Colleague: 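If you scroll down you'll find the structure; I have some questions about it.
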Amino acid sequence: MSLKPRKTIEIPPDTKQLAEKLYKRKPTVAFTMAQQLSSIFQDEEFADLFPTRGQPAQSPAVLAAVVVLQFTEGLSDRQAEEATRSRVDWKYATALSLDHPGIEHTVICEFRSRLLENGAEWRLFEKLLEELRERGLIKERGRQRTDSTNVLASVRELNRLERVGETMRATLNALMDEAPEFLQDAFKGEWHERYGRPFFNMRLPKEDSKREKLGEAIGRDGFDLLRAIAESSEKERLEALAEVKILRQVWDQEYIEKPDKSDGPKFRKPEEMKPAAERIASPYDPEARWSTKREHDWVGYKVHITETCDKDLPRLITNVATTAATTNDQHMLDPIHKSLAARNLLPSEHLVDRGYTNGESLAFSKRDYDVNVIGEVTEDHSWRVQQGEGFEKANFAVDWEKQVVTCPAGMKSSSWKTDKTGQTQVDFSQRRCRGCPNRSVCVGEKATHRTLSLQPQLQEEALQAARERQKTDEFKKTYAQRAGVEGIISQTVRRCGLRRTPYVGMAKTQLQHILIAVAVNVIKFTEWMHDTPLARTRRPRFAALHAA
Ligand code: SF4
């Protein structure tokens with residue numbers, strides 16, 4: 001496919017005329033996009049994604065409009081094809097003639113692949129944000145807020161027995177396609193019965209002893225197959241197959257085999273297993289991870305959405321970050337700020353929940369990006385604070401330069417030890433604490449003397465300042481705005497299909513999230529243009545009465 005970029009894309013007059021007749025009074029997102037944002041995507045900007053020779057390709061500007069519209073309504077590629085064939089507002093937004101048969105779903109899918117293969121995932125997102133910023137809809141160094149939500153992988157959740165069984169099946173199927181002769185030699189009679197059907201728990205034995213026996217049999221089959229591959233004349237080619245690599249990884253994470261193979265392979269005990277972040281949850285999406293949050297667990301990914309929340313301006317998504325499901329929110333503020341800084345979109349105030357905040361994220365956001373992170377931090381969990389009496393850390397004066405801490409009774413610390421991670425342990429003299437009248441509210445019954453644990457200075461000071469700040473009314477008033485970000489999460493889930501990815505792998509899932517962000521920004525812009533009031537949180541009548 002080759003591209004001959006068109007300078008401008010003309011909307012056929014009959015399409016324009018009919019669309020205006022039908023949608024002027026009640027405009028749709030596609031209609032508003034055609035009227036207000038038709039010029040933002042141009043062929044020229046995508047020219048590098050296409051070869052210069054071959055059959056003429058569909059205009060990328062048109063395809064860009066299609067994929068954005070597709071995500072505004074959460075449509076599949078086939079449904080998007082149907083929309084470009086049958087809907088006048090879509091034909092208007094994509095500059096197609098009224099009798100155009102529609103853009104084929106394969107072409108839409110291929111365009112997304114081109115974006116991914118050429119590292120152009122962010123192009124549509126950045127182009128739209130640039131336009132919205134030029135229109136004054138994004139305040140420089142304004143206020144933004146971030147929250148995360150879980151994303152289900154396009155695979156079913158497997159228990160351990162299902163996982164090893166399915167991994168073996170996936171490998172046998174791949175070998176059947178790639179090296180049938182090899183498989184014929186390595187094949188064992190019972191494999192057909194064991195791996196002929198998908199592994200569903202309801203079909204597996206219920207008794208523990210039988211399940212254990214089946215697990216061992218599958219483990220032995222997998223090790224035998226890996227050994228046969230290693231001894232094969234086609235070793236290199238077969239070991240390079242993705243399914244064989246996954247089989248090796250899954251067997252390594254799930255089984256222990258004695259070196260002399262005197263006993264069948266055994267499932268690893270929980271304490272012998274790698275952390276969840278390194279474990280494959282399904283052979284059909286090896287990048288998806290199993291994770292849990294509160295009482296909910298899932299296999300897949302996590303996405304962090306950042307949006308603007310300045311007064312009198314539309315809420316617009318400025319960043320999306322897709323991670324493995326196991327990535328802790330506490331590690332995300334730095335990459336989010338880095339990404340915002342690269343696009344010159346850093347806020348001055350960033351509202352986040354306590355999942356994102358710790359001494360490090362608070363301190364480094366200020367130091368490296370000049371961003372004030374406004375979020376609740378975990379309270380001091382010591383018994384003194386819990387009981388509402390006693391001397392907490394804030395009552396001690398720390399002299400970081402001299403490496404001395406002075407307690408509320410005026411005594412100086414007796415030792416200051418900092419380890420490799422930068423954590424400092426401070427001790428006070430046993431003798432002095434023993435004779436101190438404050439001993440019961442400072443040291444307690446069990447300890448012999450008072451100790452303090454300090455993070456590195458910058459983090460410790462940021463944490464203490466945040467603990468003090470969160471007691472103020474001003475903080476509570478500002479922080480209340482954070483909750484609004486849940487509205488955008490809800491919109492992306494309900495309207496754009498964010499909750500479950502239809503794709504396999506992190507890269508494609510992230511592309512989906514970026515395109516959803518573009519779509520949501522188009523929706524938000526449309527609502528802004530038509531003075532659509534912000535949706536209010538629905539409150540049951542009884543709760544409203546109570547609040548009143
Ligand atoms: S118990 Fe020890 S550390 Fe605590 S106030 Fe008394 S002297 Fe200071």
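Indexing begins at 1, ligand by ligand and atom by atom, following the structure's order. Quantities reported herein were computed from a predicted structural model and do not represent experimental measurements. The residues of the chain are indexed from 1 along the displayed sequence.
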Colleague: Any chance the rings of F525 and W528 have centres within less than 6.0 Å?
Modeller: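 No: the rings miss the under 6.0 Å criterion.
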Colleague: Would you say the rings of Y503 and Y301 are close, in the sense that their centroids are separated by under 6.0 Å?
Modeller: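 Between Y301 and Y503, the centre distance exceeds or equals 6.0 Å.
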Colleague: What protein N/O/S atoms lie closer than 2.8 Å to atom 6 (Fe) of ligand 1?
Modeller: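 Per the 2.8 Å query on atom 6 (Fe) of ligand 1, atoms found are C436 SG.
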Colleague: So that I can tick it off, tell me whether E131 and R135 are bridged by a salt bridge, with the cut-off set at under 4.0 angstrom between side-chain N and carboxylate O.
Modeller: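 Yes, this pair counts.
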Colleague: Can R367 be said to sit on top of F364's aromatic six-ring, NZ or CZ under 6.0 Å from centre and within 45° of the ring axis?
Modeller: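 Verdict for F364: a cation-pi partner in R367.
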Colleague: Keeping R354 on the side-chain end and E376 on the backbone end, is there a donor-acceptor pair under 3.5 Å?
Modeller: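 Checked: no pair found.
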Colleague: State whether E254 and R268 are salt-bridged, where the test is any N-O pair (Lys NZ or Arg NE/NH1/NH2 against Asp/Glu carboxylate O) under 4.0 Å.
Modeller: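 No, this pair does not count.
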